[in-house]
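Below is one structure; the comments refer to it alone.
Within every chain, numbering begins at 1; the chains are lettered A, B, ... in the order of the sequence lines, protein sequences first and strands thereafter.
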Amino acid sequence: MKILGLIIVVLVGAVLEYATIDFPPLGDPASPASTHVSPRYIEKSIEETAVPNVVTSVLADYRGFDTMFETTVIFSAGVACFLLLRVPPSRRPQRASERQYRHRLTGLTFRIKGGAEVSLPLHEFERVDSIWTPYDFIIEKVCRYLIPFIQLFGLYVIAHGHHSPGGGFQGGVILGASIILLSVSHNLRIALKRMGERTSALFSPVGVFIYAGTGALCLILGYNFLDYQALAALLPGGPIMARSHGIFIVEVGVGMAVMGTMVWIFKNLASLGRYDEGL
Amino acid sequence: MSAHYPALLVIIPLLASFFISAAGWLRPPWCFPLALTAMGGSLLVSIGLLADVIRGIPDLYWFGGWAPPWGIYYRVDHLNALVLVVISGVGFVNLWAARPTVDRELPEKAGAFYTLYVLFVTGLLGMVVTGDAFNLYVLLEIAAITGYALIALGKGRAPLASLNYIFMGTIGACFYLLGVGYLYIVTGSLNMQDIARLLAPLHGSRVVTVAFVIMMVGVWLKMGFFPLHAWLPNAYTYAPSPVSSLVAPLMTKVMVYVMIRMVMTVFTVDYAFGVLVLNEAVVWLAVIAIVAGSLMALAEKDFKRMLTFIVVAEVGYMVGGFWLGNRSGFTGSVLHIVNDALMTLCLFLAAGSIIHARGESRIQSLQGLFSTMPWTMGALVVGAMSIIGVPPTCGFFSKWYLLLGAVEGGHYGFLAALLFSSLVNVVLFFRIFEIGYFEPMEASHGGASHGHAHGHEAPAMSEAPLGMLVPLWMTALGLIAVGFYTGEIVGRVIRHAIPATMF
Amino acid sequence: MMIWQLDLLILMLVVICGIGALMIRDLLGAAILFGAYSFMMCLLWAIMGAVDVAFTEASVGAGVSTVFFIAAVYHTTRRTKD
Amino acid sequence: MEDILRQIIEKDNYWIYITLMMVGLYAIIAKNNLVKKIVGMNIFQTAVILFYVSIGVKKGATIPIIEHVHDTAHTAIHAVDYINPLPHVLMLTAIVVSVATLGVALAIAITVYRRYQTLEEDEILKQIREP
């Protein structure tokens, strides 16, 4: 099997290398790629969409249809992980076979087997994952104070996508990563209290619906799909500013969708669909 | 309103999939009706598009209001209008048959299942109608990811088969993306017609040849063309029956369409058949595909797995037909995309209802099916006749054009392969009819049908539920109807799709 | 593409992390090395001027996909035969 | 020696994406462990992204963000001194697609593990052949 793999790899590599002989030299300003279509994006981006970051204007406006399907790809990955891993509550064994509690003050841990119902004064005890990770004061406290600022940075990245590198995807992933950090530093149950499964499962369709809905709104207002000029009728500023606002609304939708999906995939992967003990 | 048809075609199912996913959490009973309206809506829009195309109204749609080389645009012509109707039709009919199995096996996750189902059909519809090479890659990925997840739902070896499908599918999609990148580095544009215009002076260069080879390998890998078909049999056999009767008829046919679109629109026919002298070799590859597919189908003990090898052989028909390079070969190939989608749907729906009633699909376990499940077997007979190529059904006409093309092209190897595979199909299906009709149900064979002690009395009818029989018989009658309307389809639609330069 | 020695270093690190992630026998190590590989790719793209792509690769590649790998390895095994 | 090295790095460093792609392809075909194959698949996808980004590189050009001062007269923006933004847009899509495929592949790998208790391909096939 290894020799077959090697032969295929060498063959494909030779074919690819054979083609690079005719490539334009790297970084040459007169190469067809940088003289045919992209000069218009660079020169007209400010004129037509009032967005300095050309990548964001091409991403959300000139080729906005691509990005809508890209957000749908992320959304379908989230639904796929839910469909594959989630164990419906009705089918799970009634009582978890083994639970662990730790006494807050003394740090002693109790393992209760056989799922017996035990009445513990819960304010003194806290439930701990079965594969027990040592309680680490530093990690918990640092993450507790760090997460709000990560989320603030994530919102900044979404909002500032027009002027600086960033935008819906990067901001959404950072927001999702903050919830994942909460779940990794503390435990999954605390993260579920902050963002339940239903919220993250509704965030992703609502986010992508904001994107497709804006496009459909432009359709209803008489223009082509995803033609943000139509929003000039609803939003202040001329058609150019309407495009800039349209791009911003779409970026917010993408941010919501990506955040909801990343958290949703993580919860299903980390807890094998049972949503009780995770990474 | 009809000016927005190309956009509506994809947006109705896309928006519906978001509502279905939200309804899965808020109003679970609304999921199936929403999915039905989505599929019905896209079916009506695609029929409207076909009517526009026949009336000669070209449908061009600029997304975001930007002109083509800068923005993305949809172009509906004679070739893809037909395929659109087939995809949304198969998606709509199969949704009816999916309901009993989904309600039985995944009651809580029906919302998620229908979301992925509708997104799969949206991905295919978008792939067929798009005019932008990179947009086709994004939609290819949507159809692929939803396909991987739906296939992995099955029992037994389904997750492993789906994982192998992911590896092969990702390599195929990345090769296609690399091919688009090679064209982009040399021409600078992503729009199909723009690339074709800019490629004209470059036909001799190495980059275009390698781009062509990589794209073809990527597309062949995704369609399961013989040497690259290793993932197809396991993936379609172990998938749950509503999924295999959705993916098997559509995925391979749409990839054949993508191959035809790439060769016709981007590389232009005179480059593919004139400059490159590949078409002889590809037809011989197709001959090997047909022969190997048929032989492997003969060797199978499992009924559903046998059908998957017939799909591999059918892919050989379409690829070989197109690469013959003459008008009847092209007509046969495009007509076969339509007919084969219907035939494969009919066979997989019949297999689905047999598995639904019997629980297993080994050929030995199909005893006495004609007495216990007469309706399903009736539809299976119609489907088998169409695969073999018996006149009233549509399978005969596309095979007829392929044979005509083989004779005109002077390619007798392809002709022999077509006849050989038809004979093998006869053996395959009559073996099943023989087991189904003549061998009585042994009393000991409990299964779903409660056989009586003295076997000679006909066992009670344990037919598949009505929800699966109606779509099955709609497809079977559709096979015969499409057979009668072949003259219409070829005359009014496919004839205009043939490029002028094809001799 | 300013200082070519720096580019050479990053190119070598990219290839080393990539092959290392595949050769290492422990899956958790493979996940960490894959995170390093993503980060090196992010540096390479930042040098090439693709700032948006570098930002995405840093947050998505090094950030989320490493956590997905570790979550998957956490529930399966770290042991590999080859 | 030095200018040869410089030539390899500066002029045509397309060899880097071919090596990475071949590393990924070899891993998918030859590796035995399923998670290793998933790592190889991801390396394969990042190599294609690297190829696209190296198309957009332009010598002596800044990043594609146009600093413009609102009130001054509209100074002409010529495309030569900005990097080609189109490959960057395409590659944002490809990165998102690779993460989505990674998420689904890992979810399926976990279901395979739950069913066969191993991630090694040969052990799984042995279990399938003799049930």
* Nearest 0.5 Å please: distance from the CE atom of M21(D) over to the SG atom of C174(B). => 6.5 Å
* To do: Evaluate side-chain contact (heavy atoms from CB on, under 4.5 Å) for T93(D) paired with Y137(B), printing each intermediate quantity in order.
  => CA-CA 10 Å; T93(D) 312; Y137(B) 166 75; 5.5 Å; no
* Asked: Got a second to check how far F175(B)'s CZ is from L25(D)'s CG, nearest 0.5 Å?
  -> 5.5 Å
* To do: Measure I38(D) against the heavy atoms of chain B and call it side chain, backbone, both or neither at under 4.5 Å.
  => both
* Without swapping roles, check the side chain of Y52(D) against the backbone of L177(B) for a donor-acceptor pair under 3.5 Å. => yes
* Using non-hydrogen atoms and a 4.5 Å limit, figure out which bit of N135(B) sits close to chain D: side chain, backbone, both or neither. => neither
* Give, for atom CG of L125(D) and atom CZ of R157(B), the distance between the pair rounded to the nearest 0.5 Å. => 7.0 Å
* What closest approach, in Å, do R115(D) and P159(B) show between heavy atoms, and which atom pair accounts for it? -> NH1-CD, 3.4 Å
* Structure fact -> Most contact-rich option vs chain B, by heavy-atom pairs under 4.5 angstrom, among V104(D), I124(D), V97(D), V96(D), is V97(D)
* Which value, rounded to the nearest 0.5 Å, describes the distance between M41(D) atom CE and M168(B) atom CE? -> 13.5 Å
* Asked: Can you name the salt bridge (charged side-chain N to carboxylate O under 4.0 Å, His left out) partners of E120(D), sequence neighbours left out?
  -> none
* Which atom of A100(D) lies closest to which atom of I145(B), heavy atoms considered -> CB-CD1, 3.7 Å
* Asked: Which pair of non-hydrogen atoms, one from F44(D) and one from I171(B), has the smallest distance, and what is that distance?
  -> CE2-CA, 3.8 Å
* Close side-chain approach of Y17(D) to L178(B), heavy-atom, < 4.5 Å -> yes
* Could you walk me through whether W70(B) and L86(D) pass side-chain contact (heavy atoms from CB on, under 4.5 Å), step by step? => CA-CA 10 Å; W70(B) 292 281; L86(D) 192 54; over 6 Å; no
* Asked: So how far is it from L160(B) CG to I128(D) CD1, rounded to the nearest 0.5 Å?
  -> 5.0 Å
* Asked: With a 4.5 angstrom heavy-atom cut-off, which part of I142(B) approaches chain D: side chain, backbone, both or neither?
  -> neither
* To do: Taking all non-hydrogen atoms of both residues into account, name the closest pair between F167(B) and L34(D) and its distance.
  => CZ-O, 4.1 Å
* Asked: Where does Y165(B) contact chain D at under 4.5 Å (heavy atoms): side chain, backbone, both or neither?
  -> neither
* Proximal component of T101(D), with respect to chain B [non-hydrogen, under 4.5 Å] -> both
* Structure fact -> For F134(B) and L90(D) the tightest heavy-atom approach is CZ-O, 3.4 Å
* Asked: Do you know which two heavy atoms are closest between Y184(B) and P87(D), and how far apart they sit?
  -> OH-CD, 3.9 Å
* Starting at CD1 of I108(D), measure out to CG of L163(B) and round the result to the nearest 0.5 Å. => 6.0 Å
